[in-house]
Amino acid sequence: MHRRTFAICALALAAVSSQALAGPTLDTVRKRGYVQCGVSTGIQGFSAPDSKGTWHGLDVDMCRAIAATIFNDATKYRLTPLTTQARFTALQSGEVDVLTRNVTPTMARDTTLGLLSVAVNYYDSQGVMVSSKLGVKALRELDGATICVQPGTVTELDLADWFRSQSLRFKPVVIEKYDEIVRAFSAGRCDAFTSDKSQLAASRMTLEKPDTYVILDENISKSPLGPMVRQGDDNWVNIVRWSLNAMLEAEEFGITSSNVDAQLKANSPNVQRILGVTPGMGRNMGVDDKWAYHIVKQVGNYGESYERNLGMSSPMKLPRALNAQWRDGGLMYGWPVR
């Protein structure tokens, strides 16, 4: 009886393992030959084209990492720029496989849209930018002001909540496309402009005389950002989630795009698991054991991606702050690849 029970359990586990590898999204992506990622329509540092039309940014790197996990080739991806209004419909309909654009996870989104927030790849906060000519130093001084904001966003809801909680008034100027909001703000159609502070910093760089604009120190709300997928495909959730965790773990253990080949010979069990020297680390996701090696080799670890897109080596020059590794006082904490 004991042996028979053991055999039944073994068969059940095998069936579960087989089902885990049969995710419909992974099958679709493999047959197509590339992963289709939804990104923002152009936010410097996250997803924006350069002068040659090549897109760069933290969210683009997230897409490249997923491609490296699946195909061992970070070039096998395509981008679909999406507005805030179109992004969820595009994911629900299958137009894109994953939203790697800056999406704030909320309970309502996870429980009503048939979608799932997978992880956080950037911790942000909602702020407000004003012209220095306005003379505003604090949020409370915006009582009665006109404020530019995108519709259908958590930003719009949190703005209303903050003013209501302070018993203050404001007049929203609602514009769907982000670049049009920036133009409206610079043209004086609104007194202030609200968005995530990273986006405000990026937008300020595009304005004439950027030094004449001020991002107020106060925060309206917290704004974690990260990739989102459709519900019901656990294997795809794992692929997206662990692609990010591999980048975080690689940074923590000092594995970079320049030393990753040398690190294949490292004695550290953690490094051996991350880089696939220890066999079996890709099997349960249905990918090659060296999936994380290919991410680091072709895309870099999280710190490398942050530095070239948002850090002091980039035009954004944003300090790591909350996005530093946990051991450095930040919130970035990679889950163990083991």
Side-chain angles (χ1 to χ4, degrees), residues 13 15-32 34-39 58-72 74 76-80 82 87-123 224-250 273-274 276 280-292 294-295 299 302 305 331-338:
L13 286 172
V16 170
S17 178
S18 175
Q19 291 170 5
L21 302 184
T25 308
L26 178 59
D27 289 345
T28 298
V29 170
R30 279 204 168 120
K31 289 176 183 177
R32 187 196 304 130
Y34 58 87
V35 59
Q36 190 80 42
C37 299
V39 295
L58 196 74
D59 296 339
V60 177
D61 281 353
M62 184 73 245
C63 185
R64 294 172 62 216
I66 296 167
T69 295
I70 299 167
F71 298 106
N72 297 341
K76 291 191 174 183
Y77 71 95
R78 300 288 187 276
L79 302 178
T80 300
L82 296 167
R87 55 186 169 171
F88 298 134
T89 302
L91 181 57
Q92 291 164 335
S93 67
E95 180 184 348
V96 298
D97 305 309
V98 55
L99 291 178
T100 59
R101 62 161 289 149
N102 50 329
V103 178
T104 303
T106 69
M107 181 179 176
R109 288 174 176 174
D110 273 4
T111 58
T112 63
L113 299 178
L115 306 177
L116 183 67
S117 303
V118 176
V120 175
N121 71 337
Y122 189 84
Y123 288 94
L225 305 171
M228 178 175 276
V229 299
R230 290 180 292 276
Q231 291 183 9
D233 190 342
D234 292 346
N235 189 55
W236 187 245
V237 171
N238 281 330
I239 286 171
V240 176
R241 175 179 290 154
W242 288 100
S243 294
L244 174 58
N245 277 311
M247 296 178 75
L248 291 168
E249 282 279 271
R273 283 191 293 267
I274 293 167
M281 299 313 296
R283 181 179 61 245
N284 291 335
M285 293 196 300
V287 298
D288 189 90
D289 279 349
K290 289 194 173 181
W291 58 277
H294 292 292
I295 291 176
V299 183
Y302 179 83
S305 177
L331 297 178
M332 284 301 175
Y333 191 109
W335 297 0
V337 177
R338 64 175 306 129

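Values below: all heavy atoms of this structure, side chains included; hydrogens, waters and symmetry mates excluded.
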Atom pair OG1 (T104) and CG (L225), whose distance is rounded to the nearest 0.5 Å: 5.0 Å
Test item: side-chain donor near acceptor, T100 and D59, under 3.5 Å: no
D233: which of T28, N238, T25 passes side chain to side chain donor-acceptor pair (under 3.5 Å): T25
OH on Y77 to CZ on F71, rounded to 0.5 Å: 13.5 Å
Atom of P105, atom of S117 and distance for their closest heavy-atom approach: CB-OG, 3.1 Å
Nearest heavy atoms of E95 and L82, plus distance in Å: OE2-CD2, 4.5 Å
Exam field: side chain Q36 to backbone G94, donor-acceptor pair closer than 3.5 Å: no
Closest non-hydrogen atom pair between S305 and M247, with its separation: CB-CE, 4.1 Å
Pair V39-C63, side chain to side chain contact (heavy atoms under 4.5 Å, CB included): steps then yes or no: CA-CA 9 Å; V39 295; C63 185; 5.7 Å; no
Nearest-0.5 Å distance, CG of residue D61 to CD1 of residue I295: 11.0 Å
Spacing of CZ belonging to R338 relative to CZ belonging to R273, to within rounding of 0.5 Å: 4.0 Å
The single option from L91, V35, T80 passing side-chain contact (heavy atoms from CB on, under 4.5 Å) against D97: V35
Steps toward side chain to side chain contact (heavy atoms under 4.5 Å, CB included) verdict (V337, M281): CA-CA 8 Å; V337 177; M281 299 313 296; 4.1 Å; yes
Heavy-atom donor-acceptor pair, W291 side chain to G276 backbone, under 3.5 Å: no
Lys/Arg-Asp/Glu bridge criterion (N-O < 4.0 Å) met for D27, R30: no
Heavy-atom pair of closest approach, residues N235 and N284: OD1-O, 3.8 Å
Nearest-0.5 Å distance, NE2 of residue H294 to CG of residue D289: 10.0 Å
Shortest non-hydrogen separation from G286 to L26 and the atoms involved: O-CD2, 4.3 Å
Test applied, side-chain contact (heavy atoms from CB on, under 4.5 Å); reference residue, M62; option that passes from L58, V60, I66: I66
Within-4.5 Å side-chain heavy-atom neighbours: F88 and M228: yes
Heavy-atom pair of closest approach, residues Q92 and L115: CG-CD2, 3.8 Å
Pairwise distance OG1(T69) to NZ(K290) - rounded to 0.5 angstrom: 15.0 Å
